[in-house]
Amino acid sequence: MKNITVLDHPLIQHKISLMRDVNTGSKEFRELVSETSTLMCYEALRDLPVKQVDVQTPLGISSTQVLSGVKLALVPMLRGGLGMTDGMAEMIPAAKVGHIGTFRDPDTTNAVDYYCKLPYDIADREVILADIMLATGVTAVKAVSKLKEAGVKKIRFICLIAHAQGIEAINEAHPDVEIFCGAVDNDIDEKGYIVPGFGDAGYRMFGTK
Ligand code: URA
């Protein structure tokens, strides 16, 4: 595994532990997903470029830093990434938002696209692609390909829990994509769910299968 950063900040770890708890209901789960996504977005953007500027304070001139104009887009993957969008947007309110829907066909295990709506200027933006879980990586690899087909050059992938299979799938297909996660769990079951993980993230968040 190469391009993977596990965000081990205690606040992120604490919130993920609360989400893992089977007794955490949908309302609290959604709130935790959003709060954790804010923190993860903050950590994943540590390398944003800055430039030096002089700012007049009430008492003098400060030579200080501001962001140097990188344009960003958030692209949640349906449905899991939806709950991450508002939390991430708190950190980067000027980011535009696209959506990608792909599912893993259980018979062929191939990724099938069913939705893609991206900002018209996506090629000029650095993208944060987001999903709650990175399990087999089949859909994430496809989503990254779609972004690249649209001209995106820099992609960060953020997920709350990952499995080695998904990390390796992205690393192999798209070695330039940086992956950020809160935890790497050990197993995947026959349905493609990460174990111990969160279970069915869509169900935990929205209460629907
Ligand atoms: N999707 C889920 O909802 N849960 C997982 O563990 C993996 C994929």
Side-chain angles (χ1 to χ4, degrees), residues 1 3-8 12-37 40 44 74-88 99-116 128-147 155-174 177 179-209:
M1 291 192 280
N3 284 338
I4 175 75
T5 303
V6 180
L7 299 171
D8 58 2
I12 294 175
Q13 294 305 313
H14 181 77
K15 289 174 192 296
I16 287 177
S17 301
L18 295 175
M19 278 182 269
R20 287 185 187 277
D21 188 333
V22 68
N23 294 311
T24 298
S26 289
K27 175 179 178 288
E28 198 185 347
F29 192 88
R30 279 198 302 273
E31 288 165 357
L32 288 162
V33 168
S34 189
E35 290 163 11
T36 309
S37 303
M40 294 183 83
L74 296 170
V75 179
M77 291 178 62
L78 305 179
R79 293 184 302 159
L82 284 181
M84 301 171 71
T85 313
D86 288 352
M88 293 191 296
H99 296 91
I100 292 182
T102 62
F103 68 89
R104 183 168 156 272
D105 185 319
D107 298 325
T108 64
T109 73
N110 293 330
V112 180
D113 298 322
Y114 65 92
Y115 193 83
C116 182
I128 297 179
L129 181 64
D131 203 353
I132 291 202
M133 315 301 277
L134 174 61
T136 62
V138 170
T139 54
V141 165
K142 190 74 186 287
V144 171
S145 298
K146 288 215 86 96
L147 291 171
I155 301 166
R156 299 169 177 89
F157 181 83
I158 298 185
C159 62
L160 272 58
I161 300 184
H163 183 271
Q165 196 179 324
I167 297 167
E168 271 156 28
I170 295 183
N171 280 176
E172 195 171 306
H174 302 291
V177 171
I179 308 170
F180 299 88
C181 68
V184 180
D185 281 8
N186 287 335
D187 293 312
I188 295 190
D189 71 10
E190 67 289 346
K191 287 192 199 151
Y193 287 173
I194 295 177
V195 179
F198 294 140
D200 181 338
Y203 181 71
R204 297 290 310 277
M205 243 188 323
F206 304 117
T208 52
K209 296 266 181 197

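As a basis for the values below, the full set of heavy atoms in this structure was taken, side chains included, without hydrogen atoms, waters or symmetry mates. First listed ligand is number 1; within each ligand, the first listed atom is number 1. Just so you know, these numbers come straight off a predicted model, no measurement behind them.
- Considering only non-hydrogen protein atoms, atom 3 (O) of ligand 1 sits nearest to Ala201 N, 2.7 Å.
- Sparse packing is recorded around CD of Glu172, with 12 or fewer heavy atoms of other residues, nucleotides or ligands lying under 6.0 Å away.
- Atoms of ligand 1 found under 4.0 Å from any heavy atom of Asp200, numbered from 1 in the order shown, are 3 (O).
- In this structure, the protein non-hydrogen atom closest to atom 6 (O) of ligand 1 is Ile194 N, 2.7 Å.
- Panel note: side chain Ser26, backbone Arg204; a donor-acceptor pair is recorded below 3.5 Å.
- Among Gly199, Ala135, Gly197, the residue whose heavy atom lies nearest to atom 2 (C) of ligand 1 is Gly199.
- Ring pair Phe198/Phe29 is perpendicular by interplanar angle, where above 60° counts as perpendicular and below 30° as parallel.
- The backbone N or O of Asp187 sits nowhere less than 3.5 Å from a side-chain atom of Gln165 that would complete a donor-acceptor pair.
- Side chain of Ser145 to backbone of Val141: a donor-acceptor contact under 3.5 angstrom is found.
- Of the protein's heavy atoms, Gly192 O, 3.5 Å lies nearest to atom 7 (C) of ligand 1.
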